Amino acid sequence: MTADLFDDVEQPWVEPLEDGAQVLRRFASARAPALLDAIIRVTEQAPLRQMKTPGGHTMSAAMACCGTWGWVTDRKGYRYQQTDPLTDKRWPGMPEILRALAREAAEQAGYPDFEPDACLINRYLPGAKMALHQDKDETDFSQPIVSVSLGSPIVFQFGGDRRSDRPRKVPLEHGDVVVWGGPSRLRYHGVLTLKPFDHPLTGACRYNLTFRRAG
Ligand code: MD3
Ligand code: FE
C-alpha cells in the first residue's frame, strides 16, 4: 500500500455552466492554504470592512481589495479607486500566488490574455448574503471575471440579463473557481445566506475572491 500525501485533495474537473461561464471544480483546492495565507497578509494591510451602499444599507459581506484598483461603495456610489478609503494609502499589491491562479483559470477557460488589476476579497460569516446585482463598474466587458470560493459552501444564484429573470442555483464549494466571460459577463448574480458550517481551514467563514480588469 502507498500512502499518498495528496489522497485528500480531489482532482479538478470542468463543468460548463452556459453562455461563456465555466466552473473549474476544485481548481484551487491544492493551493488553498497558500491562498488563505495571502488573504491574511493582504487584510492586515487593508482590513476587511462592511461598506455602505448608496442607499444607506450596510453590506453583510466584509470586503477588502488588492491590486492597482479596489472596488468601494459608500453614500456617493459604487466605483473603483486606487486608494483604500480607510487608510488613504494605495491598496496592497496583488500577491503573485493570487494573480497566477486567476491567470491559469482564465487561460483554461479560453482567456489566455487575462491581466487582472483588481482583486476583491469578500468574507461571509453565517447569515451574510449578496443580493442579485450586475458587475458593471469595470471598463472592458470583453475581459472575464474569475471567482474563487474558499471555506464554507454556499448557494450561488445565476440569473439572466434582467433582475426579474429567475436565477438558477449553483452550489459552490471550497476550491471551486468560476470564469465568467462572454455573454455571462453581465448576468445578474448573487449568493444565498451562508449557513453555519465548520470548514477545517476557515471555520465558519467563506471567502470569495473576484479578479477583474477594472481600469
Ligand atoms: C457572474 N461575489 O463580488 S462570486 C461580487 O460569492 C460577487 O462573493 C459573489 O458577486 C460572491 O461581485 C459571487 C461569482 C461571480 C462574480 C462575478 C460575476 C459571478 C459573476 C460577474 C458576472 C457574472
Ligand atoms: Fe458580483
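Everything numeric in this text was worked out from a predicted model, so none of it was measured. Sequential numbering from 1 along the given sequence is applied to the chain's residues.
- In this structure, SG in C119 is found 7.5 Å from CD1 in I39, a value given to the nearest 0.5 Å.
- Scanning both residues, M94 and C66, for their nearest heavy atoms gives CA-SG, 4.0 Å.
- Side-chain contact between M63 and T73 is absent, with no heavy atoms from C-beta onward closer than 4.5 Å.
- Nearest heavy-atom pair, P112 versus R103, reported as atom, atom and distance to 0.1 Å: O-NH2, 4.0 Å.
- Both I145 and V191 are assigned to one and the same hydrophobic cluster, defined by single-linkage of ILVMFWY side chains at heavy-atom distances under 4.5 Å.
- Hydrophobic clustering, with ILVMFWY side chains joined whenever heavy atoms are under 4.5 angstrom apart, keeps F211 apart from M130.
- Rounding to the nearest 0.5 Å places OG of S142 at 9.5 Å from CZ of R185.
- Put simply, the side chain of P47 reaches to within 4.5 Å of the side chain of D84, judged on heavy atoms.
- Closest heavy-atom contact between P153 and L194: O-CD1, 3.3 Å.
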Practice task
Show your reasoning for whether side chain to side chain contact (heavy atoms under 4.5 Å, CB included) applies to R187 and D161.
Solution key: CA-CA 5 Å; R187 295 275 208 104; D161 293 328; 3.6 Å; yes

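- In this structure a side-chain-to-backbone donor-acceptor pair under 3.5 Å is present from R75 to P54.
- In this structure, L192 and K129 have side chains that are not in contact, with every pair of non-hydrogen atoms separated by 4.5 Å or more.
- Between Y78 and W71, the ring-plane angle classifies as parallel under the 30° and 60° cut-offs.
- Closest approach of L132 to G190, counting heavy atoms only: CD2-N, 3.8 Å.
- In this structure, OG1 in T58 is found 11.0 Å from CE in M51, a value given to the nearest 0.5 Å.
- Under a hydrophobic-cluster definition in which Ile, Leu, Val, Met, Phe, Trp and Tyr are linked whenever side-chain heavy atoms come within less than 4.5 Å, directly or via other members, I154 and V177 are assigned to different clusters.
- Within a 6.0 Å sphere centred on NE2 of H133, heavy atoms belonging to other residues, nucleotides or ligands number more than 12.
- Because its NZ or CZ atom is both nearer than 6.0 Å to the ring centre of Y124 and within 45° of the ring axis, R206 counts as a cation-pi partner of that residue.
- At least one donor-acceptor pair under 3.5 Å links the side chain of D117 to the backbone N or O of A214.
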Exercise for the section: Show the numbers, then the answer: is there a ring pair (Phe, Tyr, Trp, His ring centres under 6.0 Å) between W91 and Y80? Expected result: CA-CA 11 Å; W91 298 101; Y80 283 94; 9.8 Å; no

Problem - Stepwise side chain to side chain contact (heavy atoms under 4.5 Å, CB included) test for H189 and W180 - result: CA-CA 11 Å; H189 60 277; W180 313 89; 5.9 Å; no

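- Interatomic distance, CG of L150 versus NE2 of H174, reported as 6.0 Å (0.5 Å rounding).
- For the pair E107/F114, no side-chain contact is recorded, criterion being any heavy-atom separation below 4.5 Å from C-beta on.
- Annotation: side chain of Q11 is not in contact with side chain of R26 (no heavy-atom distance under 4.5 Å).
- No more than 12 heavy atoms of other residues, nucleotides or ligands lie within 6.0 Å of CD in E115, so this atom counts as exposed by the packing criterion.
- Connection of L48 to L125 is not established within any shared hydrophobic cluster, with ILVMFWY side chains joined at heavy-atom distances below 4.5 Å, either directly or through further cluster members.
- Hydrophobic clustering, with ILVMFWY side chains joined whenever heavy atoms are under 4.5 angstrom apart, keeps V178 apart from V14.
- In this structure the side chain of E138 never reaches within 4.5 angstrom of the side chain of Q143, judged on heavy atoms.
- Remark: F156 CZ to N208 CG distance equals 9.0 Å, nearest 0.5 Å.
- Residues M59 and N122 form no side-chain contact, since every pair of their non-hydrogen atoms from C-beta on lies 4.5 Å or further apart.
- A pairwise comparison of heavy atoms in L186 and D135 identifies CD2-O, 3.6 Å as the closest pair.
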Exercise for the section: Apply the test side chain to side chain contact (heavy atoms under 4.5 Å, CB included) to residues F27 and L101: give CA-CA distance (whole Å), side-chain angles for both, the deciding distance (0.1 Å), then the verdict. Expected result: CA-CA 9 Å; F27 189 81; L101 172 75; 3.7 Å; yes

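- Two residues are said to be in side-chain contact when any heavy atoms from C-beta on lie closer than 4.5 Å; P12 and L24 fail this criterion.
- Interatomic distance, CD of Q82 versus SG of C65, reported as 12.5 Å (0.5 Å rounding).
- Atom CZ of R49 sits in a crowded spot, with more than 12 heavy atoms from other residues, nucleotides or ligands closer than 6.0 Å.
- Side-chain atoms of Q157 and Y188 include no donor-acceptor pair closer than 3.5 Å.
- When all heavy atoms are compared, the tightest approach of V146 to A102 is CG2-O, 3.9 Å.
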